[in-house]
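Before any comments, here is the structure.
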Amino acid sequence: MATVLLIEDELSLGLIVRDSLEVRGFAVLFAADGEEGYALFVAHAPDVVVADVMMPKLDGFSLAARIRQTDPYVPIIFLTARSQTADVVRGFELGGNDYLKKPFSIDELIVRIQALLNRNQAIRPTTPDRLPIGHYHFDYPKQKLAFNGKETPMSHREAELLKRLYEQRNQVLERSVVLLDLWGDDSFFNGRSLDVFITRLRRYLKDDPQVQIVNVRGVGYKLIV
């Protein structure tokens, strides 16, 4: 039985979602604000976090940033009425795995939870701690990229994308595959967000001329090392 940490300050909505998840076989930890939610996360290590963005005491983005300091893997789904590009990109940078815009259906939430749980189970046990990328050393769990003793901190989404490029190094990483894997769908909007992250990774890797991320037109990207 998977354990869901649900954090929602709108009590009536939170109770409806909690009850619906429990009926479908999930164990649910429920909190009404971000600080209480983080305390439950530390105490119980849930399998997935579902958090509202706008919450008292600790908002969803700040909560995700705290969680990612100790756990790079646990899936985080944001519930939000906000859909501005900057908000969505920031949420992904801070470690969110998916967005669900209010109002939403319980069935859609469950499908997204299950998809992230399946994906997380597949990647957890096989990722080494440090990955060599040319003259760089990529510490995936700590989300840091080191070059000649200088460390560059990375966001959760940047680290996830670089890991997938590394796993497919010198081969094409299909754009649609990475969008479905990390963003949940391959819409135009998410594609623009992916382009932003690729640009950032290129900037991080610019000190080693032997390392390149090249576009494969109409298909995806290739990390050349």
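Note that the numbering runs from 1 along the sequence shown for the chain.
A donor-acceptor pair is defined here as one N or O able to donate and one able to accept, closer than 3.5 Å; such a pair exists between the side chain of Asp208 and the backbone of His135. Remark: side-chain polar atoms of Glu158 are paired, donor with acceptor, to backbone N or O of Ser155 under 3.5 angstrom. Within the 3.5 Å criterion, the main-chain N or O of Val225 finds a donor-acceptor partner in the side chain of Asn170. Between the side chain of Ser193 and the backbone N or O of Phe189, no donor-acceptor pair lies under 3.5 Å. A donor-acceptor distance shorter than 3.5 angstrom exists from the side chain of Arg164 to the backbone of Glu160, with no hydrogens or angles considered. With Arg157 contributing its side chain and Leu182 its backbone, the two residues share a donor-acceptor pair below 3.5 Å. Counting only distance, with no hydrogens or angles, the side chain of Arg18 and the backbone of Val28 share no donor-acceptor pair below 3.5 Å. The backbone N or O of Thr3 lies less than 3.5 Å from a partner atom in the side chain of Asp47, making a donor-acceptor pair. In this structure, the side chain of Glu36 engages the main chain of Ala32 through a donor-acceptor pair within 3.5 Å. At least one donor-acceptor pair under 3.5 Å links the side chain of Arg68 to the backbone N or O of Val74.
In the hydrophobic cluster analysis, where Ile, Leu, Val, Met, Phe, Trp and Tyr join through side-chain heavy atoms closer than 4.5 angstrom, Val178 is grouped apart from Leu180. Taking hydrophobic clusters as Ile, Leu, Val, Met, Phe, Trp and Tyr residues chained together by side-chain heavy-atom distances below 4.5 Å, Leu179 does not share a cluster with Val196. Clustering ILVMFWY residues whenever any of their side-chain heavy atoms sit less than 4.5 angstrom apart, transitively, puts Val216 in a cluster other than the one holding Leu223.
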* To do: Could you check Val17 against Leu79 for side-chain contact (heavy atoms from CB on, under 4.5 Å), going step by step and ending with a plain yes or no?
  => CA-CA 11 Å; Val17 174; Leu79 304 177; 5.6 Å; no

* Report the C-alpha separation of Met154 and Leu145 in whole Å, then their side-chain angles, then the decisive distance to 0.1 Å, and conclude whether the side-chain contact (heavy atoms from CB on, under 4.5 Å) test is met. => CA-CA 7 Å; Met154 306 177 71; Leu145 192 64; 4.1 Å; yes

* Go through the steps to decide whether Tyr204 and Phe147 satisfy the test ring-ring contact (aromatic ring centres under 6.0 Å, His included), and finish with yes or no. => CA-CA 10 Å; Tyr204 295 158; Phe147 181 83; over 10 Å; no

* Asked: Would Asp52 and Leu13 count as a side-chain contact (heavy atoms from CB on, under 4.5 Å) if you check the C-alpha gap in whole Å, the side-chain angles of each, and the deciding distance to 0.1 Å?
  -> CA-CA 11 Å; Asp52 189 17; Leu13 174 61; over 6 Å; no

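Going from atom OH of Tyr166 over to atom OH of Tyr136 covers 15.5 Å, rounded to the nearest 0.5 Å. Atoms CG and CD1, on Leu21 and Ile110 in that order, are 5.5 Å from each other to the nearest 0.5 Å. Atom CG of Asp9 is separated from atom NZ of Lys57 by 11.5 Å, given to the nearest 0.5 angstrom.
For the residue pair Asn97 and Tyr73, no side-chain donor N or O sits within less than 3.5 Å of a side-chain acceptor on the partner.
Here the closest non-hydrogen pair linking Ala31 and Leu40 is CB-CD1, 3.8 Å.
Of the residues listed (Asn215, Val214, Leu161), the one engaging Tyr221 in a side chain to side chain contact (heavy atoms under 4.5 Å, CB included) is Asn215, and it is the only one. Partner of Phe41 under the side chain to side chain contact (heavy atoms under 4.5 Å, CB included) criterion, out of Ile7, Val49, Leu29: Val49 alone.
Applying the 6.0 Å contact sphere to CZ of Arg192 captures no more than 12 heavy atoms from other residues, nucleotides or ligands.
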